[in-house]
Amino acid sequence: MHTVYLALGTNLGNRKAIMRETIEQIEKKIGTVLRQSSFHETEPWGFESPNLFLNACVSVSTALAPRQLLEATQAIEREMGRVDKSVNAQYTDRIIDIDILLYDDLNVNEPDLAIPHPLMEKREFVMIPLKEIRE
């Protein structure tokens with residue numbers, strides 16, 4: 001089994017209900033949620049929007065390989081209603097975003113998959129909830 005850390009964010013709809021549903025889907029499709037941070041309300045990052053984000057991090061025990069994990073997180077996003085992914089750092093409002101932050105001590109550097117997440121340390125909305133569940 002592998003321990004992975006995921007960042008979750010939403011700024012559309014009933015954000016708390018969306019976060020809870022996302023975590024339930026992670027339990028069903030990825031693995032056992034070991035720890036969950038509290039929810040943090042934050043300003044949009046990288047774009048302007050009147051919609052505040054709700055962010056959280058979870059640690060998960062999974063048997064999935066990194067590529068399978070990426071496919072599972074993207075499938076959950078689609079099932080939750082997300083139709084577009086951010087391209088070339090052009091961010092928009094989103095129903096749910098699931099980012100892979102860490103996967104054991106693994107380093108992956110592929111065009112569509114980078115672990116550890118290359119921008120996580122620049123994002124307080126990731127680092128604050130991540131620190132909460134890693135202590």
Over all atoms of both residues, closest heavy-atom pair of [X] and [Y]:
| X | Y | result |
| --- | --- | --- |
| Val108 | Leu106 | CG2-CD2, 3.7 Å |
| Phe39 | Ala56 | CD2-CB, 3.7 Å |
| Ser59 | Tyr5 | CB-CE2, 3.4 Å |
| Ile96 | Glu77 | CG2-CA, 3.8 Å |
| Met120 | Val126 | CB-CG1, 3.8 Å |
| Ile30 | Ala72 | CG1-CB, 3.8 Å |

Requested in this report: Verify the neighbour count for atom CD of Glu124: are there more than 12 heavy atoms of other residues, nucleotides or ligands below 6.0 Å?
Outcome: no

Query raised in the report: Would you find more than 12 non-hydrogen atoms of other residues, nucleotides or ligands less than 6.0 Å from Glu48 atom CD?
Result: no

Does [X] share a hydrophobic cluster with [Y], counting links as ILVMFWY side-chain heavy atoms below 4.5 Å and allowing steps through other members?
| X | Y | value |
| --- | --- | --- |
| Leu64 | Leu34 | no |
| Ile128 | Ile133 | no |
| Ile76 | Leu12 | yes |

Query raised in the report: Going through the distances and angles, do Leu6 and Leu101 end up as a side-chain contact (heavy atoms from CB on, under 4.5 Å)?
Result: CA-CA 5 Å; Leu6 306 175; Leu101 302 176; 5.9 Å; no

Query - Test log, rule side-chain contact (heavy atoms from CB on, under 4.5 Å), inputs Leu54 and Lys16 - result: CA-CA 8 Å; Leu54 205 59; Lys16 287 182 181 175; 3.6 Å; yes

Query - Point-to-point distance, once rounded to the nearest 0.5 Å, from NZ of Lys131 to CZ of Arg134 - result: 11.5 Å

Query raised in the report: Measuring from Lys28:NZ to Glu79:CD, what's the distance to the nearest 0.5 Å?
Result: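 CD of Glu79 is found 10.0 Å from NZ of Lys28.
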
Query raised in the report: Just by distance, do the side chain of Ser37 and the backbone of Leu130 share a donor-acceptor pair under 3.5 Å?
Result: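 The answer is no, because no donor-acceptor pair under 3.5 Å joins these two groups.
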
**Report entry** Side chain Gln68, main chain Ala65, donor-acceptor under 3.5 Å
**Finding:** yes

Query raised in the report: Please walk me through it: do Val60 and Ile26 pass side-chain contact (heavy atoms from CB on, under 4.5 Å)?
Result: CA-CA 8 Å; Val60 184; Ile26 288 168; 3.8 Å; yes

Query raised in the report: Could you give all pairs that pass the side-chain hydrogen bond (donor to acceptor under 3.5 Å, both in side chains) test and reach residues 112-122, with sequence neighbours left out?
Result: Arg67-Asp112

Requested in this report: Would you please test Ser38 and Glu132 for side-chain hydrogen bond (donor to acceptor under 3.5 Å, both in side chains) and show each step?
Outcome: CA-CA 8 Å; Ser38 54; Glu132 193 179 310; 3.0 Å; yes

Query raised in the report: Do Asn55 and His40 meet the criterion of a side-chain donor-acceptor pair at a distance under 3.5 Å?
Result: no

Query raised in the report: On the ring face of Phe53, is Arg15 found with NZ or CZ under 6.0 Å from the centre and within 45° of the axis?
Result: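 Not satisfied by the 6.0 Å and 45° rule.
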
Query raised in the report: Going through the distances and angles, do Asp97 and Thr10 end up as a side-chain contact (heavy atoms from CB on, under 4.5 Å)?
Result: CA-CA 6 Å; Asp97 185 40; Thr10 176; over 6 Å; no

Query raised in the report: Hey, does Leu102 have a side-chain heavy atom less than 4.5 Å from the side chain of Val4?
Result: no

